[in-house]
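Here is the structure we will look at, set down as structure tokens.
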Amino acid sequence: QPAGPRLLHLGRQDAGRPLLTFTLETYVNAPLPLGLHRGIPAEQYHADPDSVSNTMLSAMNKSAAHCYALHLDPMRPIAEPTDAMKRGTLTHTAILEPLTLANRYIVKPADVDFRTAAGKAWRDSQTRDIVTADDMAGAEYMRRAVLRVKALANLLSAGDAEASVFWKDEATGMRCRARPDWLHWHGPKRATVLDIKTISDITFDAIQKAVAAYGYHRQAAHYSKGLRAVGIEVEEFVFGFVSSSYPFIAAAYVLDDETAQQGADEVEELLGRFAECKARNEWPAFGDGYQLTGLPAWAKRTSEVEIEVIQ
């Protein structure tokens, strides 16, 4: 049975038709064909079985046990989106798919109080995600900031939002997946990838730290590898950073060659480690014996003597 929404029929039949029909937003665990898919809901993308994502590789970078516990353990708790994650999704929608914003979100009126019966009734009657006026305004300010950067505005002038890519890694045989924020096409088989990142501090040093902390170099490598695997040449991988508070400022960044190559090397190593763990069905953490620890480099005393020469 193909993956996708299923129709659920309730009630007795009347002339061969059900009295009540609605769409059940769950997806059958059937893998999508390899290649690029447009218009695939995020839930269906994430439900794809046995495919390795960049998020899984980031967990693998901590330990194999982290990866298994967070992404593979059938008894793992359901991960509910945090408020920050919800704001991030709102911001992505405002920037990448602004025409869908009104269909997906509704602003909570100032006079609605969820502690009251009337407020709860209003809340429970909504079919769209409820957001605050401040969050909606912030998303709009970030959208405007991004569009003020000519390079980002040019990329967003045409393209595909949230396309899904599935491929087979040649080295390991692993099925992999990626979901680029935006693909700006230069032809039928050549594109620039744009990934939007919100950040509290948009200084150069803060962006470098974010690349290291969140593995953005691995993300660029994993996504680019997947697109190439399905026959799409990646002209550039661009990060659109935008500050998440006033003053709302955006900037476009690309990785230097050394950082990009390190990302590719790390992805290859982590995919190899993942394949080995899966083949053995063993997902170790940090070993069974003692681990050596100590002070970080910045906290250690130094025995070096600084000599000042006076002439």
Side-chain angles (χ1 to χ4, degrees), residues 36 42 45 53-59 61 84-85 87-98 138-165 176-186 190-228 232-245 247-268 270:
L36 178 73
Y45 165 79
S53 68
N54 174 65
T55 304
M56 295 170 69
L57 293 182
S58 292
N61 193 50
M85 293 169 64
R87 284 192 293 270
T89 302
L90 170 63
T91 301
H92 273 67
T93 304
I95 295 171
L96 303 171
E97 301 175 286
E140 174 61 20
Y141 285 133
M142 283 184 269
R143 185 186 74 85
R144 294 178 186 179
V146 167
L147 294 180
R148 283 196 296 268
V149 180
K150 185 177 180 180
L152 298 178
N154 288 340
L155 293 177
L156 290 168
S157 64
D160 289 314
E162 306 285 358
S164 298
V165 188
C176 298
R177 71 175 187 261
R179 193 172 170 89
D181 281 352
W182 188 263
L183 293 174
H184 177 80
W185 298 96
H186 305 282
R190 190 163 61 95
T192 290
V193 184
L194 171 62
D195 197 83
I196 298 295
K197 302 293 187 188
T198 59
I199 191 168
S200 59
D201 180 9
I202 201 167
T203 61
F204 181 77
D205 288 346
I207 287 174
Q208 281 193 321
K209 291 177 181 176
V211 171
Y214 300 112
Y216 293 157
H217 58 311
R218 287 192 302 271
Q219 179 192 7
H222 185 67
Y223 285 27
S224 299
K225 186 177 186 178
L227 288 165
R228 288 194 298 268
I232 299 171
E233 179 186 350
V234 177
E235 182 158 304
E236 280 186 313
F237 196 105
V238 180
F239 290 101
F241 284 92
V242 57
S243 53
S244 55
S245 60
F248 296 94
I249 298 172
Y253 280 87
V254 294
L255 299 176
D256 62 66
D257 292 343
E258 183 180 1
T259 300
Q261 183 58 53
Q262 180 171 328
D265 293 342
E266 290 181 16
V267 166
E268 183 178 354
L270 291 169

Within 6.0 angstrom of Tyr141 OH, more than 12 heavy atoms from elsewhere: no

Pairwise distance CD(Glu235) to OG1(Thr192) - rounded to 0.5 angstrom: 4.5 Å

Closest approach of Ser200 to Ser244 (non-hydrogen atoms, all atoms of both residues): CA-OG, 3.8 Å

Point-to-point distance, once rounded to the nearest 0.5 Å, from CZ of Phe241 to OG1 of Thr203: 11.0 Å

Candidate pair Val193 and Leu183, rule side chain to side chain contact (heavy atoms under 4.5 Å, CB included), full reasoning: CA-CA 5 Å; Val193 184; Leu183 293 174; 3.8 Å; yes

Non-neighbouring partners of His184 that pass ring-ring contact (aromatic ring centres under 6.0 Å, His included), sequence neighbours left out: His186

Nearest non-hydrogen partners of Ser164 and Tyr45, listed with the distance: OG-CD1, 3.6 Å

Closest non-hydrogen atom pair, Val165 against Gly226: CG1-O, 3.8 Å

Heavy-atom side-chain proximity of Ile199 to Lys197 below 4.5 angstrom: no

Inter- and intrachain pairs under salt bridge (charged side-chain N to carboxylate O under 4.0 Å, His left out), touching residues 198-224, at least two apart: Arg218-Glu266

Least distance between heavy atoms, Trp185 atom then Gly159 atom: CD1-CA, 4.3 Å

Over all atoms of both residues, closest heavy-atom pair of Ala163 and Pro180: O-CD, 3.2 Å

Full working for side chain to side chain contact (heavy atoms under 4.5 Å, CB included) between Ile202 and Val242: CA-CA 7 Å; Ile202 201 167; Val242 57; 5.5 Å; no

Rounded distance (nearest 0.5 Å) linking atom OG1 of Thr55 with atom CD of Gln219: 8.0 Å

Tyr216 side, atom OH; Gln208 side, atom CD - distance, nearest 0.5 Å: 14.0 Å

Donor-acceptor under 3.5 Å (His222 side chain, Arg177 main chain): yes

Minimum heavy-atom distance between Met142 and Ser243, given as atom pair plus value: CG-O, 3.5 Å

Val238 vs Asp195 side-chain heavy atoms within contact, under 4.5 Å: no

Please output the side-chain donor-acceptor pairs of residues 248-257 that fall under 3.5 Å, not counting sequence neighbours, one pair per line with the distance.
residue, atom, partner, partner atom, Å
Asp256, OD1, Glu258, N, 3.2
Asp256, OD1, Thr259, N, 2.7
Asp256, OD1, Thr259, OG1, 2.9
Asp256, OD2, Thr259, OG1, 3.1

Where at least one partner belongs to residues 144-158, residue pairs that pass salt bridge (charged side-chain N to carboxylate O under 4.0 Å, His left out), sequence neighbours excluded: Glu140-Arg144

Partner residues of Tyr223 under the ring-ring contact (aromatic ring centres under 6.0 Å, His included) criterion, sequence neighbours left out: none

Scan the side chains in residues 88-95 for donor-acceptor partners under 3.5 Å anywhere in the protein, sequence neighbours excluded, and list what turns up.
residue, atom, partner, partner atom, Å
Thr89, OG1, Met85, O, 3.1
Thr91, OG1, Arg87, O, 2.9
His92, ND1, Gly88, O, 2.9
His92, NE2, Asp181, OD2, 3.1
His92, NE2, Ile196, O, 3.2
Thr93, OG1, Thr89, O, 2.9
Thr93, OG1, Arg104, NH1, 3.3

